[in-house]
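What you see below is based on every heavy atom in this structure, not just the backbone, and it leaves out hydrogens, waters and symmetry mates.
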Amino acid sequence: VQLQASGGGLVQAGGSLRLSCAASGRMFSSYAMGWFRQAPGKEREFVATINRSGDSTHFADSVKGRFTISRDNAKNTVYLQMNSLKPEDTAVYYCAAALYYSTYSSAYDYWGQGTQVTVSS
């Protein structure tokens, strides 16, 4: 599976962005999908995950209520809608694919290249 993340950019605090992750290769619907992020000087951290069918999601406490994750299996794409953005959301965001629904980065076999999100105060 090849993953291509897009949609990052510069936004003011309180604003919104929608990230997309397009997949190609093997069957997209066979994989749970996740979003992770890495801020400068920090370790990569879990943001959100969605199961294969899209009817189960899980979020990090830091983004719960502000971010939503969804997928369109017909379009081989997963989305991360980010609302009420804060400066501490600034990071490179990565999408990833796993055989099993998980919040652990070690469970993910395929990773996209990352897209930068910068939130100004």
Side-chain angles (χ1 to χ4, degrees):
V1 175
Q2 292 80 44
L3 303 174
Q4 181 74 36
S6 62
L10 173 64
V11 63
Q12 289 188 333
S16 298
L17 280 174
R18 188 176 81 155
L19 305 184
S20 298
C21 176
S24 59
R26 299 175 65 185
M27 289 183 64
F28 177 71
S29 59
S30 298
Y31 294 91
M33 297 297 296
W35 287 95
F36 293 77
R37 67 186 182 186
Q38 188 167 19
K42 295 187 177 181
E43 294 189 353
R44 189 172 298 186
E45 64 174 2
F46 166 75
V47 175
T49 186
I50 187 166
N51 70 345
R52 299 173 189 178
S53 60
D55 59 3
S56 185
T57 60
H58 187 73
F59 298 90
D61 287 345
S62 59
V63 306
K64 201 171 292 183
R66 299 188 297 122
F67 290 12
T68 58
I69 186 172
S70 61
R71 66 190 296 162
D72 186 336
N73 286 343
K75 294 183 178 179
N76 287 1
T77 303
V78 62
Y79 305 97
L80 184 69
Q81 178 67 44
M82 306 185 294
N83 299 328
S84 302
L85 282 161
K86 304 175 180 180
E88 50 264 43
D89 294 318
T90 295
V92 177
Y93 283 71
Y94 298 89
C95 60
L99 289 177
Y100 301 102
Y101 184 63
S102 176
T103 64
Y104 295 97
S105 60
S106 58
Y108 290 78
D109 300 306
Y110 303 97
W111 292 82
Q113 85 290 1
T115 184
Q116 176 70 48
V117 171
T118 303
V119 184
S120 63
S121 57

**Asked** Counting only heavy atoms not in Lys42, do more than 12 sit closer than 6.0 Å to its NZ atom?
**Response** no

Hphob cluster co-occupancy, [X] + [Y], side-chain heavy atoms under 4.5 angstrom:
{"X": "Phe28", "Y": "Tyr100", "value": "yes"}
{"X": "Leu19", "Y": "Phe67", "value": "yes"}
{"X": "Phe46", "Y": "Val63", "value": "no"}
{"X": "Val92", "Y": "Val117", "value": "no"}
{"X": "Val47", "Y": "Phe59", "value": "yes"}

**Prompt:** Mind checking whether Tyr94 and Phe36 have ring centres under 6.0 Å apart?
**Reply:** no

**Charged tip of Arg18 within 45° of Tyr79 ring normal and under 6.0 Å** = yes

**Message:** Can you see whether Tyr101 has Arg52 sitting over its ring - NZ or CZ less than 6.0 Å from the centre and within 45° of the normal?
**Reply:** no

Nearest atoms (heavy-atom pairs only) where [X] meets [Y]:
{"X": "Val1", "Y": "Ala23", "value": "CG1-CB, 4.1 Å"}
{"X": "Ser121", "Y": "Ala13", "value": "CA-CB, 4.4 Å"}
{"X": "Ala97", "Y": "Met33", "value": "CB-SD, 3.6 Å"}
{"X": "Asn83", "Y": "Ser16", "value": "OD1-OG, 2.9 Å"}
{"X": "Ser120", "Y": "Leu10", "value": "CB-CD1, 4.4 Å"}

Could you tell me the separation between the [atom1] atom of [X] and the [atom2] atom of [Y], rounded to the nearest 0.5 Å?
{"X": "Arg71", "Y": "Ser29", "atom1": "CZ", "atom2": "OG", "answer": "7.0 Å"}
{"X": "Thr68", "Y": "Leu80", "atom1": "OG1", "atom2": "CG", "answer": "7.0 Å"}
{"X": "Ser56", "Y": "Ile50", "atom1": "OG", "atom2": "CD1", "answer": "8.5 Å"}
{"X": "Thr57", "Y": "Lys64", "atom1": "OG1", "atom2": "NZ", "answer": "9.5 Å"}
{"X": "Arg37", "Y": "Met82", "atom1": "CZ", "atom2": "CE", "answer": "9.0 Å"}
{"X": "Arg66", "Y": "Gln81", "atom1": "CZ", "atom2": "CD", "answer": "12.0 Å"}

**Asked** In a check of side-chain hydrogen bond (donor to acceptor under 3.5 Å, both in side chains) between Thr49 and each of Tyr108, Trp35, Tyr104, which one passes?
**Response** Tyr108

**Prompt:** For the side chain of Gln12 and the backbone of Val119, is there at least one donor-acceptor N/O pair under 3.5 Å apart?
**Reply:** no

**Message:** Keeping Thr115 on the side-chain end and Gly8 on the backbone end, is there a donor-acceptor pair under 3.5 Å?
**Reply:** yes

**Request:** Starting from the C-alpha separation in whole Å, work towards a yes-or-no answer on side-chain contact (heavy atoms from CB on, under 4.5 Å) for Leu3 and Trp111.
**Result:** CA-CA 6 Å; Leu3 303 174; Trp111 292 82; 5.6 Å; no

**Message:** Could you walk me through whether Leu17 and Leu85 satisfy the side-chain contact (heavy atoms from CB on, under 4.5 Å) test, starting with their C-alpha distance in whole Å, then the side-chain angles of each, then the deciding distance to 0.1 Å, before giving a yes or no?
**Reply:** CA-CA 8 Å; Leu17 280 174; Leu85 282 161; 4.2 Å; yes

**Request:** Report the C-alpha separation of Asp72 and Thr77 in whole Å, then their side-chain angles, then the decisive distance to 0.1 Å, and conclude whether the side-chain hydrogen bond (donor to acceptor under 3.5 Å, both in side chains) test is met.
**Result:** CA-CA 5 Å; Asp72 186 336; Thr77 303; over 6 Å; no

